[in-house]
Amino acid sequence: MQSKTARNPATEPAPPVTRACFNYIDRATQSSLRRNGKVLLRRDGDGSDSGIQGFTQSRFDADVVDARRLRERPTLERHGFELLEQPLADPALDFYDQQQVLRYYYAECVRLIERHTGARAFAFDHNVRSMRGKNTQRRIAGGQQVQEPIHMVHGDYTLTSGPQRLRDLARPPGGNDTLRAILGPGESLIAPELLDHVFSGGGRFGIVNVWRNIAPEPVAVHPLAVCDNRSIDPADLVVFEIHYGDRIGENYFIKPSPAHRWHYYPGMTRDEALLFKQWDSAGTLARSDGRHGDDADATTTFTLHSAFDDPASPADAPDRQSIEVRCVVIYG
């Protein structure tokens, strides 16, 4: 397995830049690294949202760099994201069939991450996204409704919810957990000894997203942008609470800043997989409990990301269809 072909930095021209608009949380919102009950929504078992409160968007223009043309190829460890050339093991796999995804694609994502990181991986959740699918209320066979691409700058876990998600996965799945379909009664995804290794023995764990285009055509609309974690200031973060029937999840929203360094991979195909960090316990922010790190070579904690409207998208561009699979990674 190889990353995308490396180029000669000495002869490579500056990468193309797209000017695009992103949705952030408004700068007037109170910053928070821990849950405070001020910014939240409620979500049902189908993934539908209601009852949002304490939330005002702020639109902000930013440059988005073509990461395929960067002189330094981004890596998962340093930048928080990395594109891999990884054709599907089964090109005929139906991503709109829950059982096929759980039984075959989860295992493929686990193999991919384990080969790339040298760590142990466990797939535990996924979303299929399509604007047309959301608008037509399309449902995955045996699963939830198709979700829309998220046009909001966010990170999927926080100082609280990152470690808590690992603890949750060491217990039998709850009412909203996808794993209920593949685990037996009383079973958990993570063994207790692995949990002890991480929290008692000082082990490292992460959560990595495996993002893939599942349409026949390359992505041409609502592409995914990722932000270099080293360009964010933790003082601008805001906890966004997600209230499920049996638990409360947390994301991070962030206030806009011209310092943010945005990247994307235009025209992603089904033969590519984008890995990006959703959490890393060895990251600077995680280890410092929220204080900003000044070491440019330090490990990143998570990757802010968002869909965006690419002004270069043709008016008749095919709908983006994508899948994202979340995997726990246990190092050492």
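Sequence positions, counted from 1, serve as the residue numbers for this chain.
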Reference residue Asp236; test side-chain hydrogen bond (donor to acceptor under 3.5 Å, both in side chains); the match among His260, Arg27, Lys255: Arg27
message: Less than 4.0 angstrom from a charged side-chain N to a carboxylate O is my criterion; do Arg73 and Glu82 meet it?
response: yes
task: Classify the side-chain pair Arg132/Ser130 by whether it contains a donor and acceptor separated by less than 3.5 Å.
output: no
message: Could you check whether Gln144 and Asn127, counting side-chain N and O atoms only, form a donor-acceptor pair closer than 3.5 Å?
response: yes
task: Applying side chain to side chain contact (heavy atoms under 4.5 Å, CB included), run through Arg204 and Val329 and close with a yes or a no.
output: CA-CA 8 Å; Arg204 175 188 178 190; Val329 184; over 6 Å; no
- request: Go through the side-chain N and O atoms of Arg34 and Thr160 and say whether any donor and acceptor fall under 3.5 Å apart.
  value: yes
query: Got a sec: does the CZ of Arg120 have more than 12 other heavy atoms crowding it under 6.0 Å?
result: no
query: Do Trp262 and Phe22 have ring centroids that are under 6.0 Å from one another?
result: yes
- request: Output yes when Asp94 and Arg103 qualify as a salt bridge under the 4.0 Å nitrogen-oxygen rule, no when they do not.
  value: no
Distance-only donor-acceptor check, side chains His305 and Asp156, under 3.5 Å: yes
query: With a 4.5 Å heavy-atom cut-off, do Phe308 and Asn23 have their side chains touching?
result: no
message: Looking only at the aromatic ring of each residue, does the gap between the centers of His263 and Phe81 stay below 6.0 angstrom?
response: yes
- request: Report yes or no: is the cationic atom of Arg165 (NZ for Lys, CZ for Arg) under 6.0 Å from the centre of the six-membered ring of Tyr157, at an angle within 45° of the ring normal?
  value: no
task: Would you check if Cys21 and Asp61 make a side-chain contact, meaning some heavy-atom pair closer than 4.5 Å?
output: yes
Phe95/Tyr105 aromatic ring centres below 6.0 Å: yes
